[in-house]
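For reference, the structure discussed in these notes is given below.
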Amino acid sequence: MITIKNKQFVRLIPKEKIQARTAEIAQDLNTAYADKNPIFLGVLNGCFMFLAEMFKHIEIPCQVSFTKVQSYESMQSSGKVLELIGIPEDVKGRHVVLVEDIIDTGLTMQSVMAKLKLQKPSSISVVTLLHKAAATKIPLQIDHVGFVIENNFVVGFGLDFDGYGRNYEDILVVSDQANS
Ligand code: IMP
Ligand code: MG
């Protein structure tokens with residue numbers, strides 16, 4: 001049991017599995033983008049650990065940039081997506097790989113995607129470490145998923161509960177939802 005603020009969490013995905021799956025995704029991207037000079041666009045804050053882990057295994061010429069949005073309030077989606085750092089203009093004409101920590105309702109990805117398309121990239125693909133597939137109500141093309149998980153609140157490996165818990169290397173799930 002791990003206590004973060006006032007909630008108890010238990011381990012859901014150990015770091016070894018996260019590392020192995022992330023390396024696999026990186027290898028797929030090395031192949032798919034070998035001659036494409038992609039720009040990885042991370043969605044802050046949650047993506048930072050996943051993107052860093054993935055980048056250890058990316059072996060092709062590429063760049064990285066970030067956008068920052070906020071949609072979650074504590075343990076649920078607010079239904080609104082607030083843009084805190086916009087899409088960089090240098091994505092025009094580039095092959096963009098969007099990198100997310102988790103896709104839940106899909107609202108964040110839908111909003112980032114709409115803003116990104118205005119900058120006219122050559123192509124967009126979406127990579128997410130986690131996908132709460134049953135919670136996603138918006139039709140989205142998600143090209144690479146680390147793990148499909150149940151519709152429970154998770155933290156760790158970059159994901160937070162009210163700003164806390166990002167530092168854990170495992171993915172943890174809130175304990176009163178662990179068996180639901
Ligand atoms: P969506 O807009 O509902 O798809 O939510 C996406 C964003 O909400 C993610 O990028 C996360 O920042 C946050 N989020 C969604 N589910 C969780 C969770 O279980 N734990 C922590 N953050 C979450
Ligand atoms: Mg996020």
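A quick note: this is a predicted structure, and the numbers were derived from the prediction, not measured. In listed order, ligands and their atoms are each counted from 1.
- Proximity of Ser71 to ligand 1 is established by a heavy-atom distance of less than 4.0 Å.
- Aromatic ring centroids of Phe55 and Phe40 lie under 6.0 Å apart.
- If you take CD on Gln19 and CD on Glu169, they are separated by 6.5 Å, rounding to the nearest 0.5 Å.
- Numbered from 1 in the order shown, with element, the atoms of ligand 1 that lie under 4.0 Å from a heavy atom of Thr105 read 1 (P), 2 (O), 3 (O), 4 (O).
- Residue contact check: Lys132 has heavy atoms under 4.0 Å from atoms 16 (N), 17 (C), 18 (C), 19 (O) of ligand 1.
- Contacts with ligand 1 closer than 4.0 Å are made by no heavy atom of Val155, backbone or side chain.
- Near Leu107, with a cut-off below 4.0 Å to any heavy atom, the atoms of ligand 1 are 2 (O), 4 (O).
- Remark: Lys7 fails to qualify as a cation-pi partner of Phe161 under the 6.0 Å distance and 45° angle criteria applied to the six-membered ring.
- A distance of 10.5 Å separates NZ of Lys15 from CD of Glu53, quoted to the nearest 0.5 Å.
- Atom CG of residue Leu129 and atom CE of residue Met49 lie 11.0 Å apart, to the nearest 0.5 angstrom.
- The CG atom of Leu159 sits 5.5 Å away from the CD1 atom of Ile102 when rounded to the nearest 0.5 Å.
- Residue Glu100 has at least one heavy-atom neighbour below 4.0 Å for each of these atoms of ligand 1: 10 (O).
- When only interatomic distances are considered, the shortest N/O to N/O separation between Gly106 and ligand 1 falls below 3.5 Å.
- The distance criterion of under 3.5 Å between nitrogen or oxygen atoms is met by Val154 with respect to ligand 1.
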